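These notes are about the structure you will find just below.
On a predicted model such as this, the values are computed, not experimentally measured, just so you know. Within every chain, numbering begins at 1; the chains are lettered A, B, ... in the order of the sequence lines, protein sequences first and strands thereafter.
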There are 2 protein chains.
Amino acid sequence: MDDTRPARGLRALARQRMREEILAIARRHLGEQGASGLSLRAVARDVGMVSSAVYRYFDSRDALLTALILDAYNALGASVEAAEAEVDRGDLRGRFEGLARAARGWALADPHSYALVYGSPVPGYVAPHDTVGPATRATRVLADILLDLTATHRASGAPRPRRLRPEVVRAVAPVTEYIGGRVPPDLAVRAVMVWTSLFGLVSFELFGQLHNVIAEDLRGEFFDEAVSRLADSLGLPPSTRDRRR
Amino acid sequence: MDDTRPARGLRALARQRMREEILAIARRHLGEQGASGLSLRAVARDVGMVSSAVYRYFDSRDALLTALILDAYNALGASVEAAEAEVDRGDLRGRFEGLARAARGWALADPHSYALVYGSPVPGYVAPHDTVGPATRATRVLADILLDLTATHRASGAPRPRRLRPEVVRAVAPVTEYIGGRVPPDLAVRAVMVWTSLFGLVSFELFGQLHNVIAEDLRGEFFDEAVSRLADSLGLPPSTRDRRR
DNA sequence: CCCTATGGTGAGCACTGCTCTTGCAATCCT
DNA sequence: AGGATTGCAAGAGCAGTGCTCACCATAGGG
């Protein structure tokens, strides 16, 4: 049932087309009513099938949701990649800002998909985690920025690294390994904090936690300010486009 | 149906007892299967009623959930308040650390309740926001710490304030007003970022987003490190208990 | 002290996810 | 080319859900 890839043969091709159509309808429903309101039967109706037929393509409602989660990760990843790719390679801060703004923009445009991946796990804790591939597309972008940062180690305005307890160094070991290169543990800690801060902010905004906290019509302004400070905390040099002084 | 407070008369008292009993069972179910699996019928069965009788006490399943959300806010608030109250008033950093650790501790102990309030809104975006009272108990604690900070303005190790665009100042106006006193906008911005960072981190940990990022057995260590850095970013002076040098 | 508001009952509607049997048709193999 | 095999769709059905409603008993308060 985990037919994702090749599609050889006429039959297999038709099967994949059907799968795609179901997913398309499901995507639409998700965008309209959210994950909790996504009904396999309703999707089946809209696609013109009887509900039991859908089970030929997805093992369960949760399987359908998992496919949508993968979808969402890819959409976010693509959006972030595209935005970051538009920026001059040398402009590390600009690349970071592009990444951040793209993430928020995508989340605002498709809040239900965002909730699907960064909200509370809907089914019951089981789902994702074999979705590692697409899940890391966005994080990869940040990792590459950090790689470029350490390569051209202009320690200009970089905050001085803190002394780290060895347990903390071990704690962030997966990150340092993932980023590659020889990124110092202190930067890895900063990176994780920036990442959680970024998505924490977006989540707060989307999930209504910023009510009576940040004026609603100025959320974008505040976000930009926050992103700028996060860039500072990473030690990203001032943007090359408009370097002051 | 919004019978929360007084309870005068025998009947009204019995009513509130029943309400409490239903809530208690619901709370148990929530802790076991999570919000999406909370069934009004199942709760009714466990409490020894027929399902329709529950509707005498709660307008709908969502109303029950809303009551549980209120519950959760209060539990988190109480936990945070208690932890922070144990710390010497002058030890601003210690108070902040106590608050942060209590929040994470409560979340880990009752993840479903945490997801209820800080995860994606389950019903369909409608619920809370009249629950402002209990919702702010935890934030009030931070606000008071910041008030004490600005009162005893020892600008010792405090990061130098940034120049703020006027839109940003307006954006955080609700925060500055909520905190009270005359807290500078720059500190308000920092406070919001610290808050989102804190809960972003907890959310990431609880929702599985830290998989392959922070070693699972060292999450606590990493959290402490992060909290320490967040305290720095607020300009909280080193703890009075173990001041170095 | 009686009467009425209150709260419990059970049937029922429309919906959900999921399973299983049945039949048809396209595909593959000899 | 023909027959066996496989894939897909339909439909009925089960267990469960949220929620409504007509129906009563009873106990509390006027």
Side-chain angles (χ1 to χ4, degrees), chain A residues 1-4 6-23 25-26 29-30 32-69 121-124 126-127, chain B residues 1-4 6-23 25-26 29-30 32-68 121-127:
Chain A
M1 184 65 75
D2 62 335
D3 32 24
T4 43
R8 294 193 45 85
L10 261 179
R11 203 144 197 173
L13 196 143
R15 175 176 181 77
Q16 207 163 32
R17 293 176 86 82
M18 198 68 235
R19 233 186 103 98
E20 271 314 318
E21 190 175 336
I22 295 175
L23 270 179
I25 306 278
H29 282 213
L30 174 72
E32 287 163 5
Q33 300 130 11
S36 62
L38 190 144
S39 153
L40 196 144
R41 286 181 114 112
V43 170
R45 271 194 297 273
D46 269 24
V47 81
M49 286 199 297
V50 95
S51 74
S52 60
V54 178
Y55 285 87
R56 298 274 164 193
Y57 300 90
F58 296 93
D59 281 335
S60 65
R61 194 195 98 118
D62 281 10
L64 215 178
L65 270 179
T66 303
L68 289 179
I69 290 179
V122 267
V126 281
Chain B
M1 183 65 74
D2 62 335
D3 33 22
T4 44
R8 292 195 46 85
L10 262 181
R11 209 141 196 176
L13 196 143
R15 175 176 182 75
Q16 206 163 31
R17 291 177 89 80
M18 199 68 236
R19 234 185 102 96
E20 270 315 318
E21 190 175 337
I22 295 175
L23 271 179
I25 306 278
H29 282 212
L30 174 72
E32 287 164 4
Q33 300 130 9
S36 63
L38 190 143
S39 153
L40 196 145
R41 286 180 112 114
V43 170
R45 271 194 298 273
D46 270 24
V47 79
M49 284 200 294
V50 96
S51 75
S52 58
V54 178
Y55 285 88
R56 299 277 169 196
Y57 300 90
F58 295 93
D59 280 335
S60 65
R61 196 195 96 118
D62 281 10
L64 216 179
L65 270 180
T66 303
L68 289 180
V122 267
Y125 277 126
V126 283

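- Atom-to-atom, CG of B:D62 to C1' of D:dT17 comes out at 13 Å; the value is rounded to the nearest Å.
- Checked by atom type and distance alone, the side chain of B:R56 never pairs as donor or acceptor with a backbone atom of B:R15 at under 3.5 Å.
- No donor-acceptor pair closer than 3.5 Å links the side chain of A:R61 to the backbone N or O of A:L40.
- Distance from the side chain of A:M18 is smallest to D:dA9 among D:dG18, D:dA9, C:dC18.
- If you measure from atom CZ of B:R61 to atom C1' of C:dT16, you get 13 Å, rounded to the nearest angstrom.
- The base of D:dG7 has none of its N or O atoms less than 3.5 Å from a complementary donor or acceptor on the side chain of A:R56.
- How far CZ of A:R17 is from CD1 of A:I22: 13.5 Å, rounded to the nearest 0.5 Å.
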Enumerate all atom pairs, one protein N or O and one N or O from nucleotides 26-28 of chain D, separated by less than 3.5 Å.
residue: D:dG28; atom: O4'; partner: B:R11; partner atom: NH1; Å: 2.9

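- The overall bend of the helix from C:dC1-D:dG30 to C:dT30-D:dA1, read as the angle between its terminal helix axes built from five base pairs each, is 10° when rounded to 10 degrees.
- Shortest non-hydrogen contact noted between B:A26 and B:L64 is CB-CD2, 3.5 Å.
- Straight-line distance from the CG atom of B:L13 to the P atom of C:dG7: 12 Å, rounded to whole Å.
- Taking 4.5 Å as the limit, every side-chain heavy atom of B:F58 sits out of range of all side-chain heavy atoms of B:T66.
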Sort me out a list of protein N/O and nucleotides 10-13 of chain C N/O pairs below 3.5 Å, or just none if empty.
residue: C:dG10; atom: O6; partner: B:S52; partner atom: OG; Å: 2.6
residue: C:dG12; atom: O6; partner: B:R41; partner atom: NH2; Å: 3.4

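- Taking side-chain N and O atoms only, B:R15 has a distance below 4.0 Å to OP1 or OP2 of C:dG7.
- With rounding to whole Å, A:Q16 atom CD is found 12 Å from D:dC8 atom P.
- The two residues B:S51 and B:A44 have their closest heavy-atom pair at CA-CB, 3.6 Å.
- Residue contacts for B:L38: at a heavy-atom cut-off of 4.0 Å it reaches the sugar-phosphate backbone alone, with no base atom in range.
- In this structure, CD1 in A:I25 is found 11.5 Å from CG in A:L38, a value given to the nearest 0.5 Å.
- Separation of atoms CG (A:D62) and CG (A:L68) is listed at 11.0 Å; rounding is to 0.5 Å.
- The shortest non-hydrogen separation linking A:A35 to A:L30 is N-CD1, 3.5 Å.
- Separating the CD1 atom of B:I22 from the C1' atom of D:dG18 is a distance of 15 Å, rounded to the nearest angstrom.
- Rounding to the nearest 0.5 Å places CE of A:M49 at 13.0 Å from CZ of A:R41.
- Neither OP1 nor OP2 of D:dC21 sits under 4.0 Å from any side-chain N or O of B:Y55.
- The side chain of A:R45 contributes an N or O atom lying less than 4.0 Å from OP1 or OP2 of C:dT16.
- Whole-Å rounding puts the A:Y57 OH to C:dC18 P distance at 18 Å.
- One can place CG of B:D59 at 13 Å from C1' of D:dT20, the figure rounded to the nearest angstrom.
- The distance between atom CE of B:M49 and atom C1' of C:dG7, rounded to the nearest whole Å, is 9 Å.
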